[in-house]
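Computed over heavy atoms, backbone and side chain alike; hydrogens, waters and symmetry mates excluded.
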Amino acid sequence: VQLQASGGGLVQPGGSLRLSCAASGRTFSGYVVVGWFRQALGKEREFVAAIRWRDYRKVYADSVKGRFTISRDNTKNTIDLQINSLRAEDTAVYYCAARFSEVAATTSFFSRPNTYDTWGQGTLVTVSS
């Protein structure tokens with residue numbers, strides 16, 4: 001199973017981007033949890049948002065609430081991250097990760113990197129004027 005994150009790019013402050021996470025070799029379904037993390041240069045990887053496919057349960061980091069929206073696309077079988085009102089501090093490589101385990105994880109675990117068993121390669125978001 002591989003995850004492919006896409007949609008990154010260069011955007012001006014205040015702009016928007018839509019990132020997408022797709023899986024090859026397996027589909028998002030059931031209790032699968034998909035999360036987005038980001039890592040800025042010189043900083044540790046941090047949690048951004050996550051969603052459970054089955055029931056749309058979502059969790060967001062406080063730093064992105066109100067600006068970022070995670071959603072699922074049933075047609076494309078992707079998890080998307082709409083990022084609005086971008087700031088310079090949002091510049092980072094954004095990674096998507098998935099938990100394909102049949103054992104459901106509680107939402108309190110969505111922000112923990114070790115909840116996830118599969119990671120994508122990342123897509124770079126640069127916010128600059």
* Determine whether the side chains of Gln82 and Asp80 contain a donor N or O and an acceptor N or O closer than 3.5 Å. => no
* With distance as the sole criterion, is a donor-acceptor pair present between the side chains of Thr126 and Ser128 under 3.5 Å? -> no
[atom1]/[X]: more than 12 non-hydrogen atoms of other groups inside 6.0 Å:
{"X": "Arg54", "atom1": "CZ", "result": "no"}
{"X": "Glu44", "atom1": "CD", "result": "no"}
{"X": "Gln121", "atom1": "CD", "result": "yes"}
{"X": "Phe100", "atom1": "CZ", "result": "yes"}

For [X] and [Y], indicate whether the former's side chain and the latter's backbone hold a donor-acceptor pair under 3.5 Å.
{"X": "Arg52", "Y": "Arg57", "answer": "no"}
{"X": "Ser111", "Y": "Phe47", "answer": "no"}
{"X": "Tyr56", "Y": "Ser71", "answer": "no"}

* To do: Can you label the angle between the Phe37 ring and the Trp119 ring as parallel, tilted or perpendicular, going by 30° and 60°?
  => tilted
* Structure fact -> Here the pair of heavy atoms bringing Ala5 nearest to Cys96 is CB-SG, 4.0 Å
* State plainly whether the residues Asp90 and Arg87 are in salt-bridge range, i.e. N to O under 4.0 Å. => no
* Does NZ or CZ of Arg45 come closer than 6.0 Å to the centre of the six-membered ring of Tyr95, within 45° of the ring's axis? -> yes
